[in-house]
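Heads up: the structure comes next, in structure tokens.
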Amino acid sequence: MKPSPAERHSRARRVIPGGVNSPVRAFKSVGGSPVFIASAKGPYLYDADGNEYIDFVLSWGPMILGHAHPAVVEAVQKAAEKGLSFGACTEAETEMAEAICRLLPSIEKVRLVCSGTEATMAAVRLARGYTGREKIVKFRGCYHGHGDSFLVQAGSGAMTFGNPSSPGVTRGAAQDTLIADFNNLDSVNTLFAQHGADIAAIIVEPVVGNMGVLVPESGFLQGLRALCDGKKTLLIFDEVMTGFRVSLQGAQGLYGIKPDLTTLGKIVGGGMPLAAYGGRADIMDMLSPEGPVYQAGTLSGNPLAVAAGLATLKEVSAPGFYQKLEVLSARWESDLRKVFQGMSDAVQINRVGSMLTVFFNQNPVRDYTSAAACDTATFGKFFQASLREGLYLAPSQFEAGFLSIAHDEKVLMRVTEKTEMAIRKFFH
Ligand code: KE4
């Protein structure tokens, strides 16, 4: 007799806090027990009981090709046969670094790490080392991983579970993190007026994913760039989620803004533990062993992760990839707008490229305040109704949904049918 999802979860909770290795997986804000996944292929997840779901989480962004893409799987298999990790230089790491620099011209040099958290922590340390300044500016509700500097008014799971500022982060760490509001340049100007000479960097999700999708309003990103130029502060684009997601050149390519440093993750590793941070060579050369700023990692540039990343970048670099993904994503959005037509006073939809969030909110969602005002209880019920119809949405109102190139027209037709059924069963 197979255990139920609840039994699987309670067994996991006996040895893993919350039964999860990352909080947002726990379904805590949407109720019920988390689904235990056994396998995945293309746009589909298959749980431990063989149930099929159309996946909009895509491992929180990486699986833009769809799950178990043959070219990526083969690349990892081939790399594994040559050994799993050397802790030494490999030509593949140089190829990956060259590919990133070629695709993102603002990046002249890049360092590979294992997670987005490592990338953002290192980027901020580097900015502080380069400028000799200590303060950073982040935006309320934005999430940059679980580094101490960032767990101050953070988004994603921290916002979902109501601990935007985590216990365990010392006053010393928190006091160097200044908080502004996304899409509100005045809030940034105020901080610069108070602390200008001591601000090492602004770190921003150029398209926010961790409050749900928030679209940068005209002039906002340009304003951050101008402010940093005026104050010799570094502009860090945290493109862990948007890198290779919203365009081949990320959000910086989409909006034509050149950051001083960029962090990457998720897609760049093709689902394997690989992330990166890079930018102007004069800044990056401050890093050990060239310079005094230290950052290191046993598995940095791991050959299997690099193989998955290179195979993924090769696929997304194919001519027409993002145009095709945009057609599918626009269809996804328009289908959802049709399905929610009768409820336009309770639902808002924000989309940039293949990142989209359905907000349960009567008003447009453009910043932290409007995101925080969402009806999370209704979202939770909609999540469960969708899950029962075989749609695997992000289990939090404050997350982005993603589409892969494998979510073709046929799949999108099924999505519409299933969403309509979920709404009919739930809202009527
Ligand atoms: P990781 O350490 O989780 O690889 O990356 C941290 C990170 C940094 N920057 C941005 C913009 C991010 O979105 C993330 C991680 N995103 C979350 C989902 N919102 C990861 C999912 C999770 O925490 O389990």
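In each ligand, atom 1 is the first atom listed, and ligand 1 is the first ligand listed.
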Do [X] and [Y] make the cut of ring centroids closer than 6.0 angstrom?
X      : Y      : result
Phe402 : Trp332 : no
Phe139 : Phe220 : yes
Phe398 : Phe359 : no
His9   : Phe27  : no

**OP:** Answer side chain, backbone, both or neither: which part of Arg25 comes under 4.0 Å from ligand 1, heavy atoms only.
**Re:** neither
Under 4.0 Å between a Lys/Arg side-chain N and an Asp/Glu carboxylate O for [X] and [Y]?
X      : Y      : result
Arg128 : Glu134 : no
Asp282 : Lys109 : no
Asp49  : Arg8   : yes

Sub-4.0 Å atoms of ligand 1 with respect to non-hydrogen atoms of [X]:
X      : answer
Ser22  : 22 (C), 23 (O), 24 (O)
Glu399 : 18 (C), 19 (N)
Met241 : 13 (O), 19 (N)
Val24  : 22 (C), 24 (O)
Tyr143 : 9 (N), 10 (C), 11 (C), 14 (C), 15 (C)

Nearest-contact summary for [atom] - protein heavy atom, Å:
atom                    : value
atom 2 (O) of ligand 1  : Thr117 OG1, 2.6 Å
atom 5 (O) of ligand 1  : Gly116 CA, 3.3 Å
atom 21 (C) of ligand 1 : Trp60 CG, 3.6 Å
atom 8 (C) of ligand 1  : His144 C, 3.5 Å
atom 7 (C) of ligand 1  : Gly145 N, 3.7 Å
atom 9 (N) of ligand 1  : Asp238 OD2, 2.7 Å

Original post:
Among the heavy atoms of Lys266, does any lie under 4.0 Å from an atom of ligand 1?
Top reply: yes
**OP:** Over 60° means perpendicular and under 30° means parallel, so classify the ring planes of Phe360 and Phe379, tilted if in between.
**Re:** perpendicular
Original post:
With a cut-off of 6.0 Å (strictly less than), are more than 12 heavy atoms of other residues, nucleotides or ligands near NE2 of His146?
Top reply: no
Subject >> Heavy-atom proximity to atom 19 (N) of ligand 1, best of Asn21, Val204, Thr160, Asn210 >> reply: Asn210
